[in-house]
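Only one structure is covered here, and it is reproduced in the block below.
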Amino acid sequence: MRQDEGMCPACAASSSRVHSRYERTLVDAPVAGLVVRILLRVRRFFCDNPECRSKTFVEQVDGLTRRWSRMSEGLRRMLTAIGLALAGRAGARLASTLGMPTGRDRLLRLVRALPDPPVGDITVFGVDDFAIKRGHHYGTVLIDCQTRKVVDVLVGRDAEPVTAWLQNHSKPAVICRDRATAYAEAARTAAPDSVQVADRFHLWQNLATAVEKCVARHKNCLAEPIDKVLTEPAEAEVAEPTGAMADRRRAHYALVHELLEQSAGFRQIARHLGWSHRTVSKYAHAATWQELLVGQKPRPSLLDPFKPYLARRISEGCLKASALYREITAKGFTGSYSIVRKFVEQYRSRPDLIRAPRPPSVRQVTGWICRHPDNLVNRDTEQLHKILDHCPELRSAVDLVRSFADMMTNLHGERLTAWITAAEQAGLPGISRFATGLNADLTAVTAGLSLPFNSGPVEGNVNRIKMIKRQMYGRAGFDLLRKRVLLAD
């Protein structure tokens, strides 16, 4: 129902003196996919407040109009929701399909005009960095871990922005973070009374990296020793690679080495050929062009765990496939007879061939050590036990990893000091250094292994930010990215 008076937007004074009337045209939400326009007759009032800078003002209809706008509030809400969900180009295409033709710039303006959500009191605070442009620019995301909502997004991953933000807001009781020194310094400076919690995911990730270094130092222990093993035919009998890929590799290899003989540098060659520096370096450091061909990786076979036994039996002169099949079946082989026969037949005509079963990679063994024993298949468990039987250092590493996993799973942070001492005394490469590094952040690590708080909500929102970034194809500015992270569901 129309009111007799209007309220001046500049001074909030009421007035009933009508200056004039005119018609406004508003675009409203579509009906059955058709564009709807509203012709609205509104009044202009005199402002009777002598101190007000406005002499006249136009009345507004609550829920329908706002100053200087040519769309209804309902349409504005719909376009804003589309802009938040899909950003500019994709949002404009969807809006046009739904009967709301608009441009991408209007959608982005609507998103940027939205107010930031209010920041209330935060009890459990999470902080982590994310890549705006990997290797060049980074940002910091701040999370309320209890509501799992983003409270703010900052430029950079240094201590200063986080310190300033914490100083301007209520101090949280708990701060969940990774082991970066910048965020630890910000928490100590701006919220000294807050409990800092080192996230368990990052602790386990750091330990897995340390285990990989330890396994790499004992790589020679991964191959199972056997008296005599079977090998492939000599290299001289291997056929020359052919095909389009081989022709390209041969030509590119010759071209790069020809330019190198002319004293051209890697960067100069890269600019001349339009290649990356890494590609030129790969061709330059290869001894032959055949090294640049990537062969098909051998597929795992049910016979792999039994190949050392077959190698020993074949070296003893047993080339009867049926006998070998019965022997390994008694040891647990579940494959067919044809697999064993095919394996043996390749050595009947060439008994001088020796072939060693391929040892597991460093990453495979690291995965076996860092996974729960119940999650390993029997074949991997057996292979890991064989490795540990002749490598006591890796057995010590397994004991330390499983002890740390039990401490982390059951929140026994009081055992951390004893674990660090044991790991340092073990003298294992990677793991001992990881244990020593925990002393620099001992309080936060102990809290992370004792309290139920973690940075899971933070990591989830970092993944959501990556999705929003890909949706905008890297063309949007930080202000739009921040709005969408804060407001998009």
Side-chain angles (χ1 to χ4, degrees), residues 178-179 197-227 229 300 304-309 312 331-332 356-450 454:
D178 57 13
R179 299 181 63 203
V197 175
D199 181 51
R200 291 187 289 276
F201 166 77
H202 292 93
L203 287 172
W204 188 255
Q205 190 178 48
N206 298 149
L207 178 60
T209 302
V211 171
E212 187 172 2
K213 293 179 181 178
C214 181
V215 174
R217 288 288 294 273
H218 296 86
K219 188 176 182 180
N220 295 333
C221 300
L222 305 186
E224 185 176 355
I226 55 177
D227 297 334
V229 290
D304 289 344
F306 304 94
K307 285 181 180 179
Y309 176 81
R312 185 171 61 253
K331 292 180 175 293
R358 187 174 183 178
S361 66
V362 171
R363 180 158 292 187
Q364 276 182 306
V365 178
T366 302
W368 297 343
I369 294 175
C370 293
R371 285 203 295 271
H372 194 283
D374 295 342
N375 295 333
L376 294 176
V377 297
N378 294 334
R379 183 170 56 188
D380 294 343
T381 302
E382 293 174 1
Q383 200 164 359
L384 177 60
H385 286 165
K386 291 177 182 178
I387 294 172
L388 300 182
D389 287 341
H390 60 268
C391 187
E393 290 83 3
L394 289 183
R395 180 171 292 279
S396 299
V398 170
D399 295 338
L400 287 171
V401 169
R402 292 181 178 174
S403 175
F404 191 90
D406 178 72
M407 179 173 54
M408 184 178 68
T409 303
N410 298 311
L411 300 180
H412 291 305
E414 69 277 1
R415 303 178 187 172
L416 180 61
T417 304
W419 187 90
I420 292 175
T421 302
E424 291 177 337
Q425 292 175 351
L428 298 173
I431 296 179
S432 296
R433 186 172 181 180
F434 164 77
T436 303
L438 295 179
N439 289 315
D441 200 17
L442 185 61
T443 303
V445 174
T446 304
L449 297 176
S450 304
N454 61 76

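In this text, all values refer to a predicted model and were calculated from it rather than measured experimentally.
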Inset, instruction - Starting from the C-alpha separation in whole Å, work towards a yes-or-no answer on side chain to side chain contact (heavy atoms under 4.5 Å, CB included) for Phe404 and Ile420. - result: CA-CA 10 Å; Phe404 191 90; Ile420 292 175; over 6 Å; no
Inset, instruction - Give a yes/no verdict on a cation-pi contact between Lys331 and Tyr309, requiring under 6.0 Å between NZ or CZ and the six-membered ring centre and an angle within 45° of the axis. - result: yes
Inset, instruction - Identify, with sequence neighbours excluded, every residue that meets salt bridge (charged side-chain N to carboxylate O under 4.0 Å, His left out) alongside Asp178. - result: none
Legend entry - pair Ile431-Val211: side-chain heavy atoms closer than 4.5 Å: yes
Inset, instruction - Please name the pair of heavy atoms, one in Val362 and one in Ala216, separated by the smallest distance, quoted to 0.1 Å. - result: CG1-N, 3.9 Å
Inset, instruction - Could you tell me whether the side chain of Ser432 and the main chain of Leu428 form a donor-acceptor pair under 3.5 Å? - result: yes
Inset, instruction - Scan for salt bridge (Lys or Arg N to Asp or Glu O under 4.0 Å) pairs involving residues 405-422, sequence neighbours excluded, and state none if there are none. - result: Asp406-Arg415
Legend entry - Sub-4.5 Å side-chain heavy-atom contact between Arg200 and Leu411: yes
Legend entry - Flag if over 12 foreign heavy atoms under 6.0 Å of CZ, Arg363: no
Inset, instruction - Rounded to the nearest 0.5 Å, what's the gap from CD1 on Ile369 to CG on Leu400? Could you check? - result: 11.0 Å
Legend entry - Interatomic distance, Arg371 atom CZ to Leu384 atom CG [nearest 0.5 angstrom]: 10.0 Å
Legend entry - Leu203 vs Leu438 side-chain heavy atoms within contact, under 4.5 Å: yes
Legend entry - Closest heavy-atom pair and its distance - Pro429, Cys214: O-CB, 3.1 Å
Inset, instruction - Over all heavy atoms of both residues, which pair between Pro305 and Lys386 is shortest? Give the atoms and the distance, please. - result: O-NZ, 3.8 Å
Legend entry - Side-chain touch Val365/Gln383, heavy atoms, less than 4.5 angstrom: no
Legend entry - Close side-chain approach of Thr381 to Pro373, heavy-atom, < 4.5 Å: no
Inset, instruction - Calculate, to the nearest 0.5 Å, the distance between atoms OG1 and CG belonging to Thr421 and Leu416 respectively. - result: 9.0 Å
Inset, instruction - Please round to the nearest 0.5 Å and tell me the distance separating atom CH2 of Trp204 and atom OG1 of Thr209. - result: 11.5 Å
Inset, instruction - Answer yes or no: is there an ion pair linking Lys307 with Asp304, defined by an N-O contact shorter than 4.0 Å? - result: yes
Inset, instruction - Please round to the nearest 0.5 Å and tell me the distance separating atom SG of Cys370 and atom CZ of Arg402. - result: 10.0 Å
Legend entry - Considering all heavy atoms, the nearest Ala208-Thr366 contact: O-CG2, 3.8 Å
Legend entry - Approximate separation, where rounding is to 0.5 Å, of Met408 CE and Trp419 CH2: 11.0 Å
Legend entry - Worked verdict on Asn439 versus Glu424 for side chain to side chain contact (heavy atoms under 4.5 Å, CB included): CA-CA 11 Å; Asn439 289 315; Glu424 291 177 337; 3.4 Å; yes
Legend entry - Note: Asp389-Arg395 ion pair, threshold 4.0 Å (strictly below): yes
Legend entry - Audit row: Lys213, Phe434, side chain to side chain contact (heavy atoms under 4.5 Å, CB included) steps and yes/no: CA-CA 11 Å; Lys213 293 179 181 178; Phe434 164 77; over 6 Å; no
Inset, instruction - Over all heavy atoms of both residues, which pair between Phe306 and Gly332 is shortest? Give the atoms and the distance, please. - result: CZ-C, 3.7 Å
Inset, instruction - State, to 0.1 Å, how close Pro360 and Ile387 come at their nearest heavy-atom pair, and which atoms those are. - result: CG-CD1, 3.9 Å
Inset, instruction - Flag the pair Leu376 / Trp368 as yes when at least one side-chain heavy-atom distance between them is below 4.5 Å, and no otherwise. - result: yes
